[in-house]
Amino acid sequence: MKVFVAVFLCILIVRNVRAQYKECRNPNQRTGQCVDISWCPALMKSRSTNSGVHFILASFCGYDRNNQALFCCTWDSDYDGEASNVLPLQDTCGGDIVNLNILSGKKTVISEFSWMALLYYRPLNGGNLVHKCAGSLINHRYVLTAAHCVTGRYILGIGRLVSVKLGVHDTRTAKDSISMAIEEIHVHENYTDGYNFLNDIALIRLESKVDYSATIRPICLPSTVGNMGMSMRDGQLLYVSGWGRTLNGQSSPTKLKVEVGYWNNIRCKARYFEQHIALKDSQICAGGQKHADSCEGDSGGPLMSYHQGVWVLQGIVSFGYNCGLANWPGVYTKVASYDYWIKEKMRP
Ligand code: ARG
């Protein structure tokens with residue numbers, strides 16, 4: 001009789017516990033129970049890492065009667081696989097299959113600058129998608145571009161940004177390229193849509209992760225290689241690539257590249273002051289050689305340095321005084337100044 005009562009009680013308790021906790025799905029799409037975090041050993045463990053904390057927040061599943069937050073408990077302590085807020089290490093990013101010697105030519109070969117992304121917009125009158133800006137892939141999930149490519153007056157006349165194309169060499173064929181939908185766009189909070197384009201930076205989160213391939217790879221951020229651009233010398237060569245407007249006035253169907261010399265900020269600020277444009281230290285100038293410049297359509301694309309086999313994203317094409325004029329360098333957003341901003345915005 002005693003045994004019978006004990007078993008009966010046990011069954012009652014188990015049923016009660018089950019009924020009390022709702023079923024839920026965690027960020028890895030596993031089913032669990034929605035409980036107070038202190039009841040969940042796996043999530044208690046997550047608290048010690050950055051990505052674990054993200055994982056806990058993403059596991060939120062509601063409140064209990066006392067307004068205490070509940071979290072979806074399984075055996076998982078973290079995301080499956082590599083989280084999307086992790087930046088690639090130097091051995092994965094910024095590598096190019098091509099030898100730098102080819103750079104004297106103007107055309108790029110297919111696998112060169114394989115982090116370059118094209119931004120596609122839906123024209124206001126409907127019609128086919130058009131590309132107006134570029135960007136750079138920095139990991140499996142994020143593309144860095146200029147704020148003026150995704151917001152503000154520049155974008156008003158163009159239309160809504162709808163997709164990002166990766167792995168493109170020739171926009172006419174776009175063989176092997178993949179088109180990615182956009183999940184989220186982070187525009188810098190202090191982007192000023194004024195003459196000096198301060199904080200001209202935005203981060204695009206793709207709808208899903210992209211796999212790297214010969215034609216799709218990420219570029220390194222300055223902090224990844226410990227090169228924050230402090231030691232750049234006047235005239236040091238940097239590189240810009242894009243599908244923007246060329247001398248014949250039209251955008252280029254194939255990806256082009258050009259060498260541009262670095263200008264120190266004092267000199268560049270003085271130059272732009274003549275146009276009543278006040279530059280800041282969060283901007284980099286490069287170019288100023290006749291006909292060697294970035295131009296319309298190149299915006300958002302990369303200004304790159306190359307050192308010991310690694311390409312580093314030093315700048316983002318922002319604006320200029322016309323294009324390709326002698327002694328008028330182009331102005332770029334200085335990526336090293338936004339290292340913290342970028343990492344803070346990226347989510348797993
Ligand atoms: N604002 C231009 C664009 O939206 C980029 C201009 C770059 N100009 C220059 N001279 N470097 O495409």
Side-chain angles (χ1 to χ4, degrees), residues 106 113 116-121 123 129-136 143-161 164-165 168 171 185 187-188 191-202 204 237-253 255-263 265 267-269 271-275 277 279 282-305 313-335:
K106 280 247 168 163
F113 307 134
M116 291 212 52
L118 270 165
L119 308 192
Y120 277 85
Y121 301 79
L129 297 186
V130 292
H131 67 87
K132 290 288 178 196
C133 272
S136 310
V143 168
L144 203 57
T145 185
H148 83 260
C149 286
V150 297
T151 187
R153 64 191 143 91
Y154 179 89
I155 209 78
L156 282 180
I158 299 175
R160 201 170 63 85
L161 174 62
V164 171
K165 226 179 227 188
V168 182
T171 56
I185 302 175
V187 180
H188 195 284
Y191 166 60
T192 55
D193 206 15
Y195 290 114
N196 57 2
F197 288 90
L198 279 190
N199 309 304
D200 195 5
I201 186 169
I204 299 174
L237 284 187
L238 298 169
Y239 307 85
V240 207
S241 174
W243 295 266
R245 186 153 68 85
T246 59
L247 283 179
N248 71 16
Q250 277 172 2
S251 69
S252 162
K255 185 168 32 175
L256 298 180
K257 61 187 168 189
V258 62
E259 299 179 347
V260 285
Y262 173 76
W263 280 48
N265 260 24
R267 191 153 71 103
C268 192
K269 281 179 182 168
R271 183 85 256 216
Y272 272 89
F273 206 68
E274 292 170 33
Q275 297 294 331
I277 294 176
L279 298 183
S282 55
Q283 293 169 304
I284 293 187
C285 299
Q289 291 248 352
K290 195 171 172 197
H291 294 170
D293 196 4
S294 48
C295 198
E296 209 178 295
D298 291 324
S299 276
L303 172 74
M304 303 166 277
S305 66
L313 183 61
Q314 299 289 357
I316 299 170
V317 179
S318 183
F319 74 102
Y321 177 60
N322 296 322
C323 299
L325 296 184
N327 278 311
W328 281 101
V331 181
Y332 300 80
T333 309
K334 183 172 182 170
V335 172

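When a ligand or atom number is given, it counts from 1 through the structure's own listing order.
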If I compare all heavy atoms of Ala286 with all of Val260, which pair ends up nearest, and what's the gap?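 The answer is CB-CG2, 3.8 Å.
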Which option wins on minimum heavy-atom distance to atom 11 (N) of ligand 1: Gly320, Ser294, Pro329?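 When every heavy atom of Gly320, Ser294, Pro329 is considered, Ser294 comes closest to atom 11 (N) of ligand 1.
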Tell me the nearest of Tyr321, Phe197, Phe319 to atom 7 (C) of ligand 1, using heavy-atom distances.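 Answer by nearest heavy atom: Phe319.
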How far apart are the C-alpha atoms of Tyr332 and Val317, what are their side-chain angles, what is the distance that settles it, and do they pass the side chain to side chain contact (heavy atoms under 4.5 Å, CB included) test? CA-CA 5 Å; Tyr332 300 80; Val317 179; 3.6 Å; yes
Do Asn327 and Trp263 pass the side chain to side chain contact (heavy atoms under 4.5 Å, CB included) test, and can you show the C-alpha distance, the side-chain angles, and the key distance before you say yes or no? CA-CA 10 Å; Asn327 278 311; Trp263 280 48; 4.2 Å; yes
If we set the cut-off at 4.0 Å for heavy atoms, which region of [X] has an atom near ligand 1: side chain, backbone, both, or neither?
X      : result
Ala146 : neither
Cys149 : neither
Lys132 : neither
Asn322 : backbone

Among all the protein's non-hydrogen atoms, which is closest to atom 3 (C) of ligand 1, and how far away is it?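 Closest protein heavy atom to atom 3 (C) of ligand 1: Ser299 OG, 2.2 Å.
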Would you call the rings of Tyr272 and Phe319 parallel, tilted or perpendicular if under 30° counts as parallel and over 60° as perpendicular?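 Ring orientation, 0 to 90° scale: perpendicular.
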Those atoms of ligand 1 less than 4.0 Å from some heavy atom in [X]:
X      : answer
Gly330 : 11 (N)
Asp293 : 9 (C), 10 (N), 11 (N)
Asp298 : 12 (O)
Gly297 : 3 (C), 12 (O)

What pairs with Arg160 under salt bridge (charged side-chain N to carboxylate O under 4.0 Å, His left out), at least two apart in sequence or on another chain?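 Partners of Arg160 by the salt bridge (charged side-chain N to carboxylate O under 4.0 Å, His left out) criterion come out as none, since no residue qualifies.
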Would you say the side chain of Leu279 lies within less than 4.5 Å of the side chain of Ile277, judging by non-hydrogen atoms?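 In short, these two side chains touch, coming nearer than 4.5 Å.
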Do any N/O atoms on Ser318 end up under 3.5 angstrom from N/O atoms on ligand 1?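 Between Ser318 and ligand 1, an N or O pair is found under 3.5 Å apart.
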Quick check: does any side chain N or O of Arg153 sit under 3.5 Å from a backbone N or O of Gly194, one acting as donor and the other as acceptor?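 Answer holds: yes.
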Check whether the side chains of Tyr262 and Ser305 place a donor and an acceptor atom closer than 3.5 Å, and report yes or no.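 Per modelled atom types, Tyr262 and Ser305 side chains form no pair under 3.5 Å.
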